[in-house]
Protein chains: 2
Amino acid sequence: MPIEMMIRKLRLHSELVQDDLSALRSIVTPVKYFPQDAVIVREGDISTQSCVLMSGFAYRSKVSEHGKRQILSFHIAGDMPDLQGLLLKKMDHDLTTLSPAQVGFMSHLALRRVIAARPSLGLALWRETLLDSVTFRQWIVNLGTRTAAGRVAYLIAELHQRLGTMGLVKDEQFSFPVTQSKLAEALGLSIVHINRVLQSFRAQGVLDFRKQVVTLRDIEKIVELGGFDDGSL
Amino acid sequence: MPIEMMIRKLRLHSELVQDDLSALRSIVTPVKYFPQDAVIVREGDISTQSCVLMSGFAYRSKVSEHGKRQILSFHIAGDMPDLQGLLLKKMDHDLTTLSPAQVGFMSHLALRRVIAARPSLGLALWRETLLDSVTFRQWIVNLGTRTAAGRVAYLIAELHQRLGTMGLVKDEQFSFPVTQSKLAEALGLSIVHINRVLQSFRAQGVLDFRKQVVTLRDIEKIVELGGFDDGSL
DNA sequence: CGGTGACTTGAGCTTTGTCAATCGAAGTGG
DNA sequence: CCACTTCGATTGACAAAGCTCAAGTCACCG
């Protein structure tokens with residue numbers, strides 16, 4: 001029942017009554033399946049619908065004129081990574097799958113209708129977009145203040161926390177189907193350097209990143225390096 | 001009539017009728033005057049009101065556990081830098097004045113009342129918070145993909161554009177009351193390095209940054225270095 | 001079996017940071 | 001008005017983090 005992932009996430013932050021939830025459920029299209037590395041929405045597109053990631057991973061990215069690409073955020077089941085399109089018609093970045101993914105869509109027309117009828121739902125969705133902002137702000141701090149090792153550790157800690165609340169972590173281990181090259185694009189580092197950081201983490205028994213699976217070996221150390229702050233809101 | 005700055009900015013992005021605008025005006029408290037470097041809201045505070053910057057400059061910042069501070073964004077007249085507090089009760093960052101500033105406040109109670117009565121106003125405010133996000137995303141690209149000189153150039157180009165739409169640029173010159181140390185905190189660079197970049201810009205006749213005033217001398221070059229993209233939404 | 005994509009490794013180099021000192025303007029108390 | 005302090009800007013010398021280039025390895029796939 002993949003659609004429940006979205007509901008689950010929404011309920012983490014907002015109090016919604018059953019009627020709100022079923023109104024929302026009712027406008028989500030049947031799930032579509034996307035392969036790995038498929039573009040869901042492209043920068044410049046005029047969006048007429050927003051999506052919900054039901055399973056799998058996705059990421060948002062933007063290329064700077066220099067041709068360098070920056071990954072802005074990673075997304076997991078339950079996320080609505082292009083909800084902002086509801087009010088900002090023109091996409092300012094790309095949204096791409098990182099793994100095969102199940103995606104549901106909600107047309108903006110239907111969303112507006114449902115929000116007008118149920119203001120509390122509108123507020124809950126607004127809040128979701130604000131939480132998105134919080135993550136971006138943390139990301140800025142990450143890029144601006146931390147060394148390479150700190151950035152990697154932070155990213156892992158953040159994902160660990162988010163996947164944890166969605167029940168996607170088992171035995172301090174989770175799937176994260178990303179290449180080192182994408183990690184580099186996310187963290188503003190070179191591939192070579194990412195590789196070296198990961199190796200040193202492995203050697204020091206901090207964490208292991210192999211075959212798309214992350215294994216946390218020394219959480220204390222990771223949190224210390226990455227200075228991750230759960231930041232309960 | 002400083003409150004008109006807010007209205008002016010809102011109307012840039014949303015169509016609002018006079019009644020919406022006057023409803024909003026009516027809940028803004030009389031302006032308060034803040035000196036330079038005064039904290040308006042602090043990380044961890046539970047916010048019960050949001051502010052509107054009527055004149056002057058402010059910035060948002062966050063300290064990473066390492067004690068290093070990161071400036072997240074700069075704000076100018078018309079901005080509502082802590083609007084997200086309406087739905088995210090706990091502040092995740094500080095808001096501080098960069099210069100003496102006039103600030104109006106809107107209590108969250110009143111805001112919620114007015115939004116409930118006028119959904120279009122709610123959407124306009126939601127959109128404002130989304131524009132905030134856009135800026136953060138650009139900032140991530142800035143930190144992640146550009147060299148020191150590019151980052152500085154980008155920041156200047158962004159400010160130039162934003163101040164321009166608010167009518168605060170004259171003769172390709174604008175006031176930006178920031179120290180080099182704060183620039184360093186915003187751009188994730190050391191003070192010394194910022195100083196060198198500014199000097200080289202001055203020497204090359206790209207731009208001049210003296211006594212809190214920025215003078216653009218070669219806009220082409222600035223846009224090229226910073227790769228600024230107006231990104232009309 | 002050859003090809004492709006991801007990961008690894010080494011060497012040398014560039015950008016940026018650190019440390020330490022100096023300078024200059026503005027403000028303060030005497 | 002002068003000595004003194006303070007804060008921000010500036011400079012030089014040196015160190016470090018991270019980048020680029022280039023080559024090689026390894027697993028997988030047609």
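Numbered from 1 within each chain, the chains take letters A, B, ... in sequence-line order.
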Could you state the [atom1]-[atom2] distance from [X] to [N], rounded to the nearest angstrom?
{"X": "A:Lys68", "N": "D:dT20", "atom1": "NZ", "atom2": "C1'", "answer": "11 Å"}
{"X": "B:Leu183", "N": "D:dA9", "atom1": "CG", "atom2": "C1'", "answer": "12 Å"}
{"X": "A:Ile194", "N": "D:dA17", "atom1": "CD1", "atom2": "P", "answer": "16 Å"}
{"X": "B:Leu187", "N": "C:dT15", "atom1": "CG", "atom2": "C1'", "answer": "15 Å"}
{"X": "A:Gln212", "N": "D:dA27", "atom1": "CD", "atom2": "P", "answer": "15 Å"}
{"X": "B:His66", "N": "C:dG17", "atom1": "NE2", "atom2": "P", "answer": "15 Å"}
{"X": "A:Gln36", "N": "C:dA6", "atom1": "CD", "atom2": "C1'", "answer": "12 Å"}
{"X": "B:His193", "N": "D:dA15", "atom1": "NE2", "atom2": "P", "answer": "19 Å"}

Any idea which of [options] is nearest the [X] side chain?
{"X": "A:Arg196", "options": "D:dT10, D:dA13, C:dT9", "answer": "C:dT9"}
{"X": "B:Thr147", "options": "C:dT16, D:dT20, D:dA9", "answer": "C:dT16"}
{"X": "A:Thr179", "options": "C:dT9, C:dC7, D:dC19", "answer": "C:dC7"}

Do the side-chain N or O atoms of [X] get closer than 4.0 angstrom to the phosphate oxygens (OP1, OP2) of [N]?
{"X": "A:Asn195", "N": "C:dC7", "value": "no"}
{"X": "B:Gln199", "N": "D:dT11", "value": "yes"}
{"X": "A:Gln180", "N": "C:dT8", "value": "yes"}
{"X": "A:Arg202", "N": "C:dT8", "value": "yes"}

Apply side-chain hydrogen bond (donor to acceptor under 3.5 Å, both in side chains) to A:His108 and A:Ser50, showing your working. CA-CA 7 Å; A:His108 288 168; A:Ser50 289; 2.8 Å; yes
Can you spot which of A:Val214, A:Ile219, A:Ile222 makes a side-chain contact (heavy atoms from CB on, under 4.5 Å) with A:His160? A:Ile219
Quick one about B:Tyr59 and B:Glu185 (side-chain donor to acceptor, distance below 3.5 Å, no hydrogens or angles considered), yes or no? no
Regarding [X], tell me which of base, sugar-phosphate or nothing describes its non-hydrogen contacts under 4.0 Å with the strands shown.
{"X": "B:Ser190", "result": "base"}
{"X": "A:Leu198", "result": "nothing"}
{"X": "B:Gly188", "result": "sugar-phosphate"}

What class does the angle between the rings of B:Phe74 and B:Phe176 fall in, given that below 30° is parallel, 30 to 60° is tilted and above 60° is perpendicular? perpendicular
Please name the residue in the list B:Asp132, B:Asp79, B:Asp82 that meets the salt bridge (Lys or Arg N to Asp or Glu O under 4.0 Å) test with B:Arg60. B:Asp132
